Amino acid sequence: MISTALVAGLAVIGNSTGHALDRQTADGLGADYVLSTRTNMSGVDPAAVQRVADVSGIRTAAAVSDSTLFVGGGVREISGVDPAAVDAAMKLDFVSGSLNDLGPGRIALSRTLAEQQGVSAGGKVVASMGRNQDTQPYTVVGVYKDNPTAKDALGARSEVQKNSFNPGSVQRILVRTDGGATSHTTEQRLRAAVGNSPLLKVQDRKELVHEGAGALGELLTLMYGLLAIGVVISGLGIVNTMAMSVADRTREIGVLRALGMDRAGIRRMIRLEAVTVAAFGTLLGLTGGLFGAWAVGALANGAMEQYRLILPWGTLALVCLASLVIGALAAALPARRAAALGPLEAVAQA
């Protein structure tokens with residue numbers, strides 16, 4: 001029951017969170033391709049932006065410079081953009097304000113960061129950017145809903161570039177294609193435009209969505225591995241329970257044999273009892289796991305608007321089937337022991 005509850009609950013939470021991350025990434029990204037460096041310490045040649053824009057089939061190429069923002073005792077990520085081009089590559093949903101007044105000394109914050117700092121559009125935050133450790137007041141021109149493409153804050157690209165760890169560089173190029181078309185040929189042309197550098201990634205929307213959920217998938221794999229130990233312990237528990245049952249019911253089994261039940265019937269009886277125990281545990285575990293996932297989802301929905309409870313029917317069906325199979329296999333040894341008892345010997349035992 002406990003193992004089933006944990007596996008089912010984690011499967012539902014993982015599936016729901018994965019879909020939420022997919023929607024969040026897809027909803028916030030207007031570009032069809034993203035060319036990016038692997039760290040903020042490296043950069044793309046700014047001249048490559050124009051080469052990318054000149055590739056056949058490319059409608060827009062928007063340069064983004066990434067850096068860090070030290071605010072409120074924490075380290076956040078800030079993206080430097082050109083306000084005139086950002087709408088073509090990012091889908092921003094502003095809670096208040098806009099990017100119209102974005103410029104030196106003026107930034108926009110994600111809603112989560114704005115709430116943590118207790119500011120809204122028109123307010124000020126004291127922060128430092130990138131290599132420049134001198135703090136200064138920044139005017140908040142807008143607050144937007146959390147967006148993994150925009151990251152924690154948006155600033156003017158000229159200011160972010162100047163204070164980045166690689167001054168004057170570009171860390172991402174957001175690319176829109178004609179009609180939103182993607183192909184292997186287009187990808188190869190984009191790679192050629194940035195010099196086929198192995199230090200750069202060229203990803204389409206599908207790859208970015210998959211990457212966004214990658215950390216979650218690794219965490220769930222680890223958790224499933226730990227829960228597999230719990231499943232083994234559950235199987236041993238059923239073996240122990242059925243073995244004790246056989247020992248306590250030795251005389252009963254002898255009477256059944258004396259009345260005409262054959263060895264196969266005894267084995268079948270013990271297996272059915274074990275499967276019944278596993279079925280009750282599975283049913284209660286699924287109920288508890290789904291309730292736990294729903295409770296966690298109610299909390300997660302406040303932090304991630306895209307979160308919806310989505311049941312992984314295939315995984316849940318596999319969990320049920322595996323539980324019943326484990327119950328049947330766990331009964332094999334006790335059933336063999338029960339069937340091996342002779343009728344007279346079993347009845348004679350006290």
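All figures in this text were calculated on a predicted structure; none of them were measured in a lab.
Each of Val160 and Ile173 belongs to its own hydrophobic cluster when Ile, Leu, Val, Met, Phe, Trp and Tyr are linked at side-chain heavy-atom distances under 4.5 angstrom. Under a hydrophobic-cluster definition in which Ile, Leu, Val, Met, Phe, Trp and Tyr are linked whenever side-chain heavy atoms come within less than 4.5 Å, directly or via other members, Leu290 and Trp313 are assigned to the same cluster. By the rule that hydrophobic residues join a cluster once side-chain heavy atoms approach within less than 4.5 Å of another member, Tyr33 and Val49 end up as members of one cluster. No continuous path of hydrophobic side-chain contacts links Met1 to Val277 [ILVMFWY only; heavy atoms under 4.5 Å]. Val170 and Leu69 fall into different hydrophobic clusters, where Ile, Leu, Val, Met, Phe, Trp and Tyr are joined by side-chain heavy atoms under 4.5 Å apart, directly or via other members.
Residue Ser169 comes nearest to Gln161 through the heavy atom pair O-NE2, 3.2 Å, listed as atom of the first residue, atom of the second, then distance. Across every non-hydrogen atom of Ala293 and Gly9, the tightest pair is CB-O, 3.9 Å. Nearest approach of Val194 to Ala48, heavy atoms of both residues: CG1-CB, 4.1 Å. Nearest heavy-atom pair across Ala121 and Val143 is N-CG2, 3.9 Å. Of all heavy-atom pairs spanning Leu92 and Ala150, the tightest one is CD2-CB, 3.8 Å. Here the closest heavy-atom approach between residue Ala63 and residue Arg157 is recorded as O-CD, 3.5 Å.
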Step by step, would you call Arg76 with Ser110 a side chain to side chain donor-acceptor pair (under 3.5 Å)? CA-CA 11 Å; Arg76 301 290 183 170; Ser110 66; over 6 Å; no

Evaluate the side chain to side chain donor-acceptor pair (under 3.5 Å) criterion for residues Asp32 and Thr177: first the C-alpha distance (whole Å), next the side-chain angles of each, then the deciding distance (0.1 Å), finally the verdict. CA-CA 6 Å; Asp32 301 301; Thr177 61; 3.2 Å; yes

Donor-acceptor pairs under 3.5 angstrom involving side-chain atoms of residues 94-107: please list them, not counting sequence neighbours.
| from | atom 1 | to | atom 2 | distance (Å) |
| --- | --- | --- | --- | --- |
| Ser98 | OG | Asn100 | N | 3.3 |
| Ser98 | OG | Asn100 | ND2 | 3.2 |
| Arg106 | NE | Asp101 | O | 2.4 |
| Arg106 | NH2 | Asp101 | O | 3.4 |

Show me the donor-acceptor pairs, under 3.5 Å and distance only, between side chains in residues 323-333 and residues at least two apart or in other chains.
| from | atom 1 | to | atom 2 | distance (Å) |
| --- | --- | --- | --- | --- |
| Ser323 | OG | Thr282 | OG1 | 3.4 |
| Ser323 | OG | Val319 | O | 2.9 |

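Put simply, the side chain of Asp66 does not reach to within 4.5 Å of the side chain of Glu77, judged on heavy atoms. No side-chain heavy atom of Val140 sits less than 4.5 Å from a side-chain heavy atom of Gln117. Contact check for Asp54 versus Gln50: side-chain heavy atoms found under the 4.5 Å cut-off. Here the side chains of Gln116 and Val71 are not in contact, with every heavy-atom distance at 4.5 Å or above. In this structure the side chain of Met90 never reaches within 4.5 angstrom of the side chain of Tyr144, judged on heavy atoms. Looking at Leu174 and Thr149, their side chains come closer than 4.5 Å, going by heavy atoms from C-beta outward. Side-chain contact check for Arg191 versus Leu35: every heavy-atom pair is 4.5 Å or farther apart. Residues Lys124 and Thr139 meet the side-chain proximity criterion, which asks for heavy atoms closer than 4.5 Å.
Between the side chain of Asp146 and the backbone N or O of Thr112, at least one donor-acceptor pair lies under 3.5 Å. With hydrogens and angles ignored, the 3.5 Å screen pairs no side-chain donor or acceptor of Ser164 with any backbone N or O of Ser67.
With rounding to the nearest 0.5 angstrom, the OG atom of Ser65 is 13.0 Å from the CZ atom of Phe165. The distance from atom CG of Leu190 to atom CG of Leu200, rounded to the nearest 0.5 Å, is 11.5 Å. From Arg267, atom CZ reaches atom CE of Met261 across 12.0 Å, with rounding to the nearest 0.5 Å. Note that CG of Asn163 is 9.5 Å distant from OG of Ser158, once rounded to the nearest 0.5 Å. To the nearest 0.5 angstrom, Arg189 atom CZ is 5.0 Å from Ser56 atom OG. Atoms OG1 and CD1, from Thr186 and Ile58 in turn, are 6.0 Å apart once rounded to the nearest 0.5 Å.
Few gaps surround NZ on Lys151; more than 12 heavy atoms of other groups in view lie less than 6.0 Å from it. Heavy-atom contacts from other residues, nucleotides or ligands closer than 6.0 Å to CZ of Arg263 number more than 12.
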